[in-house]
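Numbers here are sequence positions counted from 1. Heavy-atom basis, side chains included; hydrogens, waters and symmetry copies ignored. Treat the numbers as computed from the prediction; the structure is a model and nothing was measured.
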Amino acid sequence: MLVPVVGFIVDLPIEVQETLDIISGLLLAIYTTVCLSLRFKWFYYSTKYTFLLLKHMYQVYGVQVMLEDAWKKIHFPDVLRVFWLTRLATQAVFLVYAVKLANASAGEAASFLSISGCDSTLTVLGMSAVISSIAHYLGLGILAFIGSTEEEDKRLGFVAPVLFFILALQTGLSGLKPEERLIRLCRNMCLLLTAILHFIHGMTDPVLMSLSASHVSSFRRHFPVLLVSVFLFVLPILLSCVLWQYYALNTWLFAVTAFCVELCLKVVVSLTVYTLFMIDGHYSVVWEKLDDYVYYVRSTGSIIEFIFGIIMFGNGAYTMMFESGSKIRACMMCLHAYFNIYLQAKNGWKTFMNRRTAVKKINSLPEVKVTEDGEIDDVCAICYQEFRTSARVTPCHHYFHALCLRKWLYIQDTCPMCHQKVYMEDEAKETTSFSNNNGVAVPNEEVGQDLVDGEPERELDGHDLSEEESTDGDEEEWTAEQHHSNAEEELIHELDNLRD
């Protein structure tokens, strides 16, 4: 296998080098054939065993687990990483050796300087593997620094290389000339850096909200997260200033600047909400307007991000039509339009309508003012806090804070205590039995008249309950438990057989 390399080093004629290539290839093929022939039985049974093993994994675990297992066994990212680093080191050694031999002018020496780390699809994959390793350990370091234990945040090592590979395919990085490739690589790295900063903000924002909402008073716990947030605000500004100082305005610079401004906006929104929660933690009185202020801040940030998404879609459309259009760029634009524009607008409108409906329902409920005598001898059933100023009364005569009940109505339209409808028509309200938070029934006039006439009824969700129905329900529940137990025993038995 080394004979053609030796022939190239000693500078043999081209015809001799081609002959050496053919001879070495034939010898290698003959050697492989002889080895497989002598060990044909071993090769046959190994192939059959591998086939049966893959078939069994496919039937039991599915395609995804089978591919993940194969990916881990062949260590494909490690192979690509070693290949790329070895190739880069070899090129560096040859470059130093060639420069020493040349000992010429700067122009001749500069002809050797070319970016060969991404001149083909395979080398781009190798560079992506190296970026994956760097991003993975960067994400682990940030998680350890801010004190986060979320497993889902450890995906930076997967997101960063995928983005780099998509950018390389989208811009045709491997097919450019060395000088143009270097410029394009630097631009792609700037875009990748902004994307990584956005992902880091997604890791720090939940920790920041958790610390502020739980009212943790330890400064040592808050300082790392705040430091990372300040870093995420300052670095995009510095990056934008440097790029605007050395480059003219184009679609690439516009995209990087938009991503930087969007990141700064996200950080400002997170810090503002964090400050609101921290202010609320210093007071023992319930701040009823807190939820509104948080919603206004977040909705303002979401609207601006939505506008930036539309602007970036227009920038990408201009780039595809007038600069470098490709099928990959078109696909990425479709994904951007769906996830960052359509879904964001849909979720924002849904949240707005939920809040509007909840406010309408809250305003329709009667409000009871709390006086010094303490008319409401009870606590809110949601937050378990006393009523200090006022309370909202549901049609079933349960008392809640307006803020607590509104948050509950964002999720479902029933009373947290008895699960009756909170917002009903006037006719339905007149025929509803009431009770307070302590469970004491307060019948209205019509219900009391029915009791006087000797026609009491026991209702639950509109259905009459009798002793026979209750017994049937118990039997069905017992039968379901028996079937569930038998299913568990059969599953354990099958697992034991597979293990054997």
Side-chain angles (χ1 to χ4, degrees), residues 197-198 200-216 222 225-226 228-230 232-234 236-237 258-312 339-365 367 380 382-383 385 387-392 400-413 416 422-423:
L197 293 178
H198 276 267
I200 293 175
H201 173 263
M203 296 162 53
T204 57
D205 183 69
V207 180
L208 197 64
M209 296 300 103
S210 176
L211 291 174
S212 59
S214 58
H215 308 306
V216 177
H222 289 255
V225 189
L226 292 175
V228 174
S229 299
V230 173
L232 292 176
F233 181 80
V234 174
I237 296 177
F259 285 134
C260 291
V261 174
E262 184 180 2
L263 178 59
C264 294
L265 173 67
K266 288 183 177 180
V267 174
V268 170
V269 170
S270 298
L271 292 177
T272 304
V273 175
Y274 167 82
T275 304
L276 291 175
F277 278 115
M278 292 300 296
I279 293 175
D280 177 65
H282 286 284
Y283 298 96
S284 58
V285 181
V286 178
W287 190 5
E288 295 186 358
K289 292 295 183 179
L290 175 63
D291 183 67
D292 294 331
Y293 294 153
V294 171
Y295 173 74
Y296 294 151
V297 172
R298 289 194 178 277
S299 59
T300 303
S302 299
I303 291 173
I304 298 177
E305 290 178 16
F306 177 75
I307 295 175
F308 270 100
I310 297 177
I311 294 175
M312 292 306 303
F339 288 102
N340 297 335
I341 297 178
Y342 172 74
L343 286 184
Q344 188 173 1
K346 181 180 178 181
N347 295 333
W349 180 255
K350 182 180 179 180
T351 303
F352 171 75
M353 293 304 297
N354 288 340
R355 290 184 61 88
R356 181 181 178 183
T357 305
V359 171
K360 180 180 179 181
K361 294 174 182 178
I362 290 294
N363 293 334
S364 66
L365 299 178
E367 184 179 9
C380 177
I382 297 178
C383 65
Q385 299 293 327
F387 297 100
R388 298 181 181 274
T389 57
S390 63
R392 292 287 181 173
F400 303 96
H401 289 122
L403 178 62
C404 298
L405 186 58
R406 185 171 63 182
K407 292 181 178 180
W408 176 271
L409 293 177
Y410 292 159
I411 304 174
Q412 53 184 334
D413 187 23
V422 172
Y423 181 74

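When the side-chain hydrogen bond (donor to acceptor under 3.5 Å, both in side chains) test is applied to T204, no partner is found at least two apart in sequence or on another chain. With sequence neighbours left out, the salt bridge (charged side-chain N to carboxylate O under 4.0 Å, His left out) criterion links E367 to K369, R392. Scored by the ring pair (Phe, Tyr, Trp, His ring centres under 6.0 Å) test, Y295 finds no partners at all (sequence neighbours excluded). In this structure, F308 has no ring pair (Phe, Tyr, Trp, His ring centres under 6.0 Å) partners at least two apart in sequence or on a different chain. In this view, Y296 satisfies the ring pair (Phe, Tyr, Trp, His ring centres under 6.0 Å) rule with no residue, not counting sequence neighbours. With sequence neighbours excluded, the residues that form a side-chain contact (heavy atoms from CB on, under 4.5 Å) with I303 are I307.
Nearest approach of I382 to C404, heavy atoms of both residues: CD1-O, 3.6 Å. Listed here is the closest heavy atom pair of Q344 and S302: NE2-O, 3.3 Å.
Annotation: the span from Y342 atom OH to N347 atom CG amounts to 9.5 Å, rounded to 0.5 Å. Atoms CD and CZ, on E305 and R298 in that order, are 10.0 Å from each other to the nearest 0.5 Å.
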Give the table of side-chain donor-acceptor pairs shorter than 3.5 Å for residues 262-279, with sequence neighbours excluded, one pair per line with atom names and distance.
unit_1: K266; atom_1: NZ; unit_2: H198; atom_2: ND1; d: 3.4
unit_1: S270; atom_1: OG; unit_2: H201; atom_2: NE2; d: 3.0
unit_1: S270; atom_1: OG; unit_2: D205; atom_2: OD1; d: 2.6
unit_1: S270; atom_1: OG; unit_2: K266; atom_2: O; d: 3.0
unit_1: T272; atom_1: OG1; unit_2: V268; atom_2: O; d: 2.6
unit_1: Y274; atom_1: OH; unit_2: H222; atom_2: ND1; d: 2.7
unit_1: T275; atom_1: OG1; unit_2: L271; atom_2: O; d: 2.7

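Within the 4.5 Å cutoff, the side chain of L208 has no heavy atoms near those of the V228 side chain.
Between the side chain of S229 and the main chain of V225, a donor-acceptor pair closer than 3.5 Å is present.
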